[in-house]
Amino acid sequence: MEIFRMNDDATQQLVHRTEVVMNNLNPAWKTFKVSVNSLCSGDQDRRLKCIVWDWDSNGKHDFIGEFSSTFKEMRGAMEGRQVSGNHPNNLNVLLSCLQIHKMHSFLDYIMGGCQIQFTVAIDFTASNGDPRNSCSLHYIHPYQPNEYLKALVAVGEICQDYDR
């Protein structure tokens with residue numbers, strides 16, 4: 001089964017393809033995870049199109065059927081409401097489980113009161129290259145910072161505002 005997100009410009013974006021279930025016209029696919037952002041760009045009313053195929057080793061897979069739904073309709077199905085849609089070839093797809101796990105962002109933690117203590121450690125082992133060699137990423141240029149120092153400054157300038 002392939003799940004496509006219908007974009008605002010009428011194009012379709014493949015967001016998930018299940019594993020192939022061999023020799024079974026009534027497959028039960030393994031549980032899979034898809035972020036809500038990937039699935040519907042955060043819009044629970046965005047149309048999703050699901051296409052079911054019968055896999056063939058010659059690459060010419062047989063079309064079984066397709067249906068469209070939304071994330072909101074799928075959530076409703078988990079609450080006992082039936083998902084409506086166009087089901088050609090008498091295609092019936094049963095959604096057996098839908099779970100939503102909130103993935104907290106950096107800002108969610110900060111706004112929740114998380115404290116940050118920014119610490120920097122520098123590895124001075126010889127395997128990192130001689131800082132006097134201009135080919136080394138650790139090269140100490142007399143007039144400009146090396147890539148490591150640029151990265152430390154970029155991250156540090158952001159984190160320092162959250163470190164009491």
Side-chain angles (χ1 to χ4, degrees), residues 1-22 27-53 55 59 61 66-79 83 85 93-164:
M1 182 171 65
E2 296 174 324
I3 303 172
F4 295 87
R5 175 183 67 229
M6 307 304 286
N7 297 318
D8 293 333
D9 62 359
T11 60
Q12 301 174 25
Q13 175 70 41
L14 178 66
V15 294
H16 185 75
R17 180 177 290 133
T18 65
E19 81 282 2
V20 173
V21 178
M22 303 292 279
W29 295 284
K30 293 178 185 172
T31 300
F32 58 88
K33 295 180 182 181
V34 178
S35 74
V36 175
N37 190 46
S38 294
L39 188 65
C40 59
S41 301
D43 176 5
Q44 295 191 15
D45 291 314
R46 183 176 298 272
R47 296 306 301 171
L48 303 170
K49 179 176 167 182
C50 301
I51 304 175
V52 181
W53 300 94
W55 185 85
H61 312 310
E66 69 180 54
F67 67 96
S68 74
S69 187
T70 66
F71 182 75
K72 185 184 279 184
E73 289 171 346
M74 289 182 192
R75 284 184 70 178
M78 293 312 302
E79 296 166 2
V83 175
V93 175
L94 175 65
L95 179 62
S96 61
C97 179
L98 186 141
Q99 295 178 337
I100 300 171
H101 298 277
K102 170 95 169 119
M103 299 299 292
H104 296 283
S105 70
F106 176 74
L107 287 179
D108 289 334
Y109 284 102
I110 296 301
M111 291 175 12
C114 181
Q115 299 293 312
I116 292 178
Q117 294 180 339
F118 185 68
T119 305
V120 176
I122 300 174
D123 182 358
F124 287 103
T125 58
S127 64
N128 289 326
D130 186 347
R132 295 171 294 199
N133 181 342
S134 64
C135 295
S136 169
L137 290 174
H138 294 271
Y139 177 63
I140 301 172
H141 193 281
Y143 305 110
Q144 61 188 17
N146 64 27
E147 296 304 312
Y148 286 108
L149 185 54
K150 288 178 188 176
L152 274 171
V153 169
V155 172
E157 284 180 345
I158 292 169
C159 290
Q160 73 181 358
D161 295 333
Y162 304 100
D163 185 347
R164 291 189 180 189

Response to the item:
For His104 and Asp108 the tightest heavy-atom approach is CA-OD2, 3.5 Å

Practice prompt. Dump the intermediate steps for side-chain contact (heavy atoms from CB on, under 4.5 Å) on Thr11 and Phe4, then the final yes or no.
Written response: CA-CA 10 Å; Thr11 60; Phe4 295 87; over 6 Å; no

Discussion item. Does Lys102 have more than 12 heavy atoms from other residues, nucleotides or ligands lying within 6.0 Å of its NZ?
Written reply: yes

Item to complete: Indicate whether any N or O donor in one side chain lies under 3.5 Å from an N or O acceptor in the other, for Asp43 and Ser41.
Response: no

Worksheet entry | Heavy atoms from other residues, nucleotides or ligands near CD of Gln115 exceed 12 (cutoff 6.0 Å) | yes

Worksheet item: Once the angle between the rings of Trp53 and His61 is folded into 0 to 90°, is it parallel (under 30°), tilted (30 to 60°) or perpendicular (over 60°)?
Response: perpendicular

Worksheet entry | Contacts of Asp130 that satisfy salt bridge (Lys or Arg N to Asp or Glu O under 4.0 Å) - sequence neighbours left out | Arg132

Worksheet item: Between Arg46 and Arg5, what is the shortest heavy-atom contact and its length?
Response: CD-CG, 3.3 Å

Practice prompt. Check Ala28 against Glu19 and note the closest heavy-atom contact, atom names and distance.
Written response: O-OE2, 4.4 Å

Practice prompt. Write down the atom of Pro145, the atom of Lys150, and the distance for their closest heavy-atom approach.
Written response: O-CE, 3.4 Å

Worksheet item: Nearest 0.5 Å, what's the NZ-CD distance between Lys49 and Glu2?
Response: 10.0 Å

Practice prompt. Supply the atom-to-atom distance His16 NE2 to Cys50 SG, rounded to the nearest 0.5 angstrom.
Written response: 10.0 Å

Worksheet item: Does any N or O in the side chain of Asn133 come within less than 3.5 Å of the main-chain N or O of Cys135, such that one atom is a donor and the other an acceptor?
Response: yes

Worksheet item: Which value, rounded to the nearest 0.5 Å, describes the distance between Phe71 atom CZ and Ile100 atom CD1?
Response: 4.0 Å

Fill in: Leu152 and Val120, any side-chain heavy atoms less than 4.5 Å apart
yes

Item to complete: Please check if the side chain of Ser68 supplies one atom and the backbone of Arg47 the other of a donor-acceptor pair under 3.5 Å.
Response: no

Worksheet, complete the sentence: Residues passing the ring-ring contact (aromatic ring centres under 6.0 Å, His included) test with Phe118, sequence neighbours excluded, are none

Worksheet entry | Nearest-0.5 Å distance, CZ of residue Arg75 to CG of residue Leu98 | 7.5 Å

Worksheet item: Of the non-hydrogen atoms in Trp29 and Val21, which two are nearest, and what is the gap between them?
Response: CD1-CG2, 3.6 Å

Discussion item. As an exercise, state the distance from CG of Leu48 to CD of Gln12, rounded to the nearest 0.5 Å.
Written reply: 11.0 Å

Worksheet item: So, do Ile116 and Tyr109 sit near enough that their side-chain heavy atoms are less than 4.5 Å apart?
Response: no

Worksheet entry | Distance-minimising heavy-atom pair for Thr70 and Glu73 | OG1-N, 2.9 Å

Worksheet item: How long is the span from the CE atom in Met103 to the CG atom in Asn37, to the nearest 0.5 Å?
Response: 12.5 Å

